[in-house]
Amino acid sequence: MVAQGLGVRHPSRRAWALTGVDLVVEPGERVLLTGASGSGKSTLLAAVAGILEAEGTEIAGELTVDGAPPRAARDRLGLLMQDPDSQLVMTRAGDDVAFGLENAGLPREQIWPRVDEALTAVGFRYGRDRPTAALSGGEKQRLVLAGALARRPGLLLLDEPTAQLDGPGAALVRDAVARATADRATTVLVVDHDAGPWLPLVDRVVELVDGGLVEHGPGWRPVPRTAGLRLPAAPDGPVLLTADGVGFTYRGAATPALRPTDAELRSGRALAITGPNGTGKSTLALLLAGLRAPTSGRVLAAEELAEGVRRGRREPHRWQAGELVSRIGTVFQQPEQQFLTGRLRDELALGPLRSGEHAAAARATADALLERLGLTVFAEANPYTLSGGQQRRLSVATALATSPRVLVLDEPTFGQDAATWRELVTLLAEQRAAGCAVAVVTHDADLVDVLADDRIRL
């Protein structure tokens, strides 16, 4: 792969997502690509994959794969994007992995052995028949990676391949990539903000910066993102939300998505919900946030949290949208699922407006959050044009915009560089210190270490 003076500007955006990128990746190399959130890492991978096809996309400079335009090399590459849902095309896990092999014309007798081999390599524990709709975000990530590895590509492009995985699962994926490319027949370009674990497996590290890139030497080590971090503490306050034996089973499912679980969210404290992929962490978050009704047990709000709710209901899933948004702020595992407007400023003003704020106050709240999370320059942009890390910060900001007493956040630090990670964690600690009850679903061990007062492992 050769890039010379590569630049990319997305439709409707004034600023270039990439400029002046000169990069040569030799056949068989393993290269780790780092850089600040929004620096263009995902854009570079999309360009190399030949999928920058949106009308109005502007591309400067030159980019070739095997000496030809990237589009010509599509049948020889494997790609894992940040959002695994965007790459799932079949309803059964095995069929999804087989899809690419069938399109490549592989003989049928070779397809299913390769499917099984790839599923085993990434630690996918369900086999071929698992419905893709029943998978957690991390499990979908493994499945898409299996589909990429099954093709035995000449070029493997991985965008945050371990971000939604627990520690053992992330290690398994890195090992699977190393084994699959051990013969150096596959070139690897991987993006990951958690650079440290990849260093023994890659040949070099390249960092995207404004106007180009910087190559780091073999002794390079990232500065720990917790270095120098000082977070405000808070005295314990009253219990605001209680889960009593809550569980959830999807209609027609043979096993529950979440087995009966107890939890307590207390003012001034942060609860970390951890555990392996597929154990029901995101499901528990949706129940606590009042966005699903449990199929067993109850979630009850304290009287002071439920004050003003019509007819005195204490079960959040029965509340009206306006009642919920002003009391419990939520961040979904996939942030793009909660965006409702075409501009960042409007997105952040929407919650305050629905909770009764005047337009001027709602706009002031939106502008303050944009500034705090480094998104002011994108105030007029469409949320769907942001990078994954920027979308995550926007989703956290929308949860904070109505000053709720309870925050339920699913993987809030996904896709963040060290600086934006510290800013997000500091902001959450400030909410806790102001008396908010915070619950985070996370695989981020650093976040748990510095923020969590209480922990539940599913």
Quiz item: Does Glu347 use its side chain to pair, donor to acceptor, with the backbone of Leu394 at less than 3.5 Å?
Solution: no
Quiz prompt | Contact check, side chains of Val441 and Leu409, non-hydrogen atoms, under 4.5 Å | solution = no
Quiz item: Looking at side-chain heavy atoms only, is the closest gap between Thr426 and Leu231 below 4.5 Å?
Solution: yes
Practice problem: Describe, in one word, how the ring planes of Phe124 and Tyr126 are oriented to each other, choosing from parallel (under 30°), tilted (30 to 60°) and perpendicular (over 60°). | Solution: perpendicular
Exercise. Kindly give the heavy-atom pair with the smallest separation between Gly147 and Val97, and that separation in Å.
Key: CA-CG1, 4.0 Å
Quiz prompt | Shortest non-hydrogen separation from Val48 to Leu77 and the atoms involved | solution = O-CD2, 4.2 Å
Quiz item: Okay, side chain of Thr402, backbone of Gly351: is any donor-acceptor separation there less than 3.5 Å?
Solution: no
Quiz prompt | Rounded distance [0.5 Å steps], CZ in Arg142 versus CG in Leu165 | solution = 5.5 Å
Exercise. Please collect all salt bridge (charged side-chain N to carboxylate O under 4.0 Å, His left out) contacts where either partner lies in residues 221-232, sequence neighbours excluded, each pair once.
Key: Arg225-Asp444, Arg225-Asp446
Self-check item: Smallest separation among heavy atoms of Arg74 and Arg151, with atom names
Solution: O-NH2, 4.0 Å
Quiz item: Would you say the side chain of Phe414 lies within less than 4.5 Å of the side chain of Gln333, judging by non-hydrogen atoms?
Solution: no
Quiz item: What are the two closest non-hydrogen atoms of Leu23 and Leu213, and how far apart are they?
Solution: CB-CD2, 3.9 Å
Quiz item: Do Lys140 and Asp85 come within less than 4.5 Å of each other through their side chains, counting heavy atoms only?
Solution: yes
Self-check item: Check: Asp166 side chain, Asn277 main-chain N or O, donor-acceptor pair, under 3.5 Å
Solution: yes
Exercise. Give a yes or no answer on whether the side chain of Arg152 reaches the backbone of Ala185 with a donor-acceptor pair at less than 3.5 Å.
Key: no
Quiz item: Considering only heavy atoms from C-beta outward, does the side chain of Thr295 approach that of Phe248 to under 4.5 Å?
Solution: yes
Quiz item: Is the backbone N or O of Gly5 less than 3.5 Å from a side-chain atom of Asp22, with the two atoms forming a donor-acceptor pair by type?
Solution: yes
Would you give me the side-chain donor-acceptor pairs under 3.5 Å for residues 255-264, sequence neighbours excluded?
| from | atom 1 | to | atom 2 | distance (Å) |
| --- | --- | --- | --- | --- |
| Thr261 | OG1 | Arg259 | O | 2.7 |
| Asp262 | OD1 | Gly245 | N | 2.6 |
| Glu264 | OE1 | Arg266 | NH2 | 3.3 |

Quiz item: Is there a donor-acceptor contact under 3.5 Å from the side chain of Arg114 to the main chain of Ala150?
Solution: yes
Quiz item: Considering all heavy atoms of both residues, which atom of Ala195 and which atom of Leu32 are nearest to each other, and what is their separation?
Solution: CB-CD2, 3.7 Å
Practice problem: Would you mind listing every side chain to side chain donor-acceptor pair (under 3.5 Å) that reaches into residues 99-111, with sequence neighbours excluded? | Solution: none
